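Below is one structure, written out as structure tokens; the observations come after it.
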Protein chains: 2
Amino acid sequence: MAQRTSHRAAPEHTHPDDVSVQTALAALADPVRISLVRELAGSQEWSRSCGSFDVPVGKAALSHHFVVLRGAGLVEQRDEGPRRVNRLRRAEFEARFPGLLDLVLRDEPTV
Amino acid sequence: MAQRTSHRAAPEHTHPDDVSVQTALAALADPVRISLVRELAGSQEWSRSCGSFDVPVGKAALSHHFVVLRGAGLVEQRDEGPRRVNRLRRAEFEARFPGLLDLVLRDEPTV
DNA sequence: CGGAGTGTATGCTTTTCATCGAACACTCGG
DNA sequence: CCGAGTGTTCGATGAAAAGCATACACTCCG
């Protein structure tokens with residue numbers, strides 16, 4: 001049979017098309033999540049596990065932020081052995097909210 | 001001397017150029033403020049007084065929302081007799097955050 | 001000058017959200 | 001099969017934000 005890297009419950013994802021502007025904006029209006037999105041944008045897809053990000057919060061809070069990012073259609077996750085790796089949903093999100101992601105990525109780190 | 005419609009303290013304004021993305025997103029991530037911006041976008045400049053908007057909050061809360069909108073560089077206000085009239089800073093905001101305002105204006109009313 | 005209309009400021013609830021610590025679940029390597 | 005590594009869940013806490021009611025300030029009109 002095919003590969004089967006995990007027996008865990010797959011994370012719930014929301015497609016950007018099913019996300020309201022308000023939800024998208026709220027998801028991006030947080031300094032920690034902005035950091036996550038930026039770091040993710042500068043990395044290869046599926047190369048970053050949740051714990052590999054340089055943000056000043058504990059893992060419980062971090063886990064919560066990924067829930068929000070998934071719920072806004074910004075991030076896709078996949079279980080790979082013991083860790084959960086991430087991908088920024090650039091194209092899909094861009095199609096739903098043209099220009100929005102670029103605004104966040106281009107801007108200088110939060111002052 | 002020239003006209004002088006008010007002796008009141010002029011409202012404080014922030015230019016979009018001095019606004020961070022995070023602040024801009026936070027300002028637009030609220031249902032009441034989204035309504036205000038949309039209504040404002042559909043009206044002539046300087047035609048709407050603060051109290052003329054159809055939002056389900058008292059006037060104290062409303063006043064607060066306008067403070068936030070001014071602080072994000074989204075709205076400009078001017079005193080005109082007893083009332084304070086508004087203008088959406090379309091061009092300036094668009095120059096600072098290309099596409100952002102359009103996203104909010106195009107989208108269906110918050111579900 | 002006094003009253004109606006309009007908006008702001010203040011003080012106080014209520015809600016929401018970010019955070020943490022601790023406990024639990026799953027995967028992999030010995 | 002146990003232990004280390006990783007991430008989620010739960011409960012509690014603290015801070016921020018939104019709300020309201022009231023009181024105040026300013027403008028206009030009679």
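Keep in mind it's a predicted model, so treat the numbers as computed, not measured. Letters A, B, ... are given to chains in the order of the sequence lines, protein chains preceding strands, and every chain is numbered from 1.
- Electrostatic pairing of A:Arg78 and A:Glu80 counts as a salt bridge here, judged by a charged N lying under 4.0 Å from a carboxylate O.
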Could you check A:Leu105 against A:Leu101 for side-chain contact (heavy atoms from CB on, under 4.5 Å), going step by step and ending with a plain yes or no?
CA-CA 6 Å; A:Leu105 296 181; A:Leu101 203 43; 4.1 Å; yes

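- Computed from coordinates, the B:Phe53 CZ to C:dG7 P distance equals 10 Å when rounded to whole Å.
- A straight line from CG of A:Asp79 to P of C:dA25 spans 16 Å, rounded to a whole angstrom.
- Using a 4.0 Å cut-off, some side-chain N or O of A:Ser49 falls inside it from OP1 or OP2 of D:dG7.
- The pair A:Arg87-A:Glu92 meets the salt-bridge criterion, with a side-chain N (NZ, NE, NH1 or NH2) lying under 4.0 Å from an Asp/Glu carboxylate O.
- For the pair A:Arg8 and A:Gly81, the tightest heavy-atom approach, listed with the atom from each and the gap, is NH2-O, 3.1 Å.
- In this structure the side chain of A:Leu100 reaches within 4.5 angstrom of the side chain of B:Leu25, judged on heavy atoms.
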Please report, to 0.1 Å, the donor-acceptor pairs under 3.5 Å made by any side chain of residues 56-75 of chain A, with sequence neighbours excluded.
from: A:His65; atom 1: ND1; to: A:Arg33; atom 2: NH1; distance (Å): 3.1
from: A:Arg70; atom 1: NE; to: A:Glu12; atom 2: O; distance (Å): 2.9
from: A:Arg70; atom 1: NH1; to: A:Gln77; atom 2: OE1; distance (Å): 2.5

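- Taking each heavy atom of B:Arg89 and B:Glu76 in turn, the nearest pair found is CG-N, 3.8 Å.
- Here the side chain of B:Gln77 is nearest to one of D:dA18, D:dC20, C:dT8, namely C:dT8.
- No side-chain heavy atom of A:Val85 sits less than 4.5 Å from a side-chain heavy atom of A:Ser47.
- We find that CZ of B:Arg83 is positioned 18 Å from P of C:dA4, with the value rounded to whole Å.
- Contacts with DNA chain C (heavy atom under 4.0 Å) in residues 8-16 of chain B: none are found.
- Side-chain proximity of B:His64 to the nucleotides C:dA18, D:dG7, D:dA18 is greatest for D:dA18.
- Closest to the side chain of A:Pro82, out of C:dC20, D:dG7, C:dT27, is C:dT27.
- Put simply, CZ on A:Arg70 is 11 Å from C1' on D:dG7, counting in whole angstrom units.
- Counting only heavy atoms from C-beta outward, the side chains of B:Cys50 and B:Asn86 approach each other to under 4.5 Å.
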With the criterion being N/O to N/O and under 3.5 Å, what pairs connect the protein with nucleotides 9-14 of chain C, and how long is each?
none

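- Counting to the nearest Å, the C1' atom of C:dA25 and the CZ atom of A:Arg84 are 11 Å from each other.
- Distance, B:Asp30 CG to C:dC17 C1': 14 Å, rounded to whole Å.
- B:Phe66 has its CZ atom 16 Å from the C1' atom of D:dG19, to the nearest Å.
- Positionally, the nearest nucleotide of DNA chain D for A:Cys50 lies more toward the 5' end than for the other of B:Ala26 and A:Cys50.
- Residue B:Arg78 contributes atom CZ, which lies 19 Å from atom P of C:dT6 at whole-angstrom precision.
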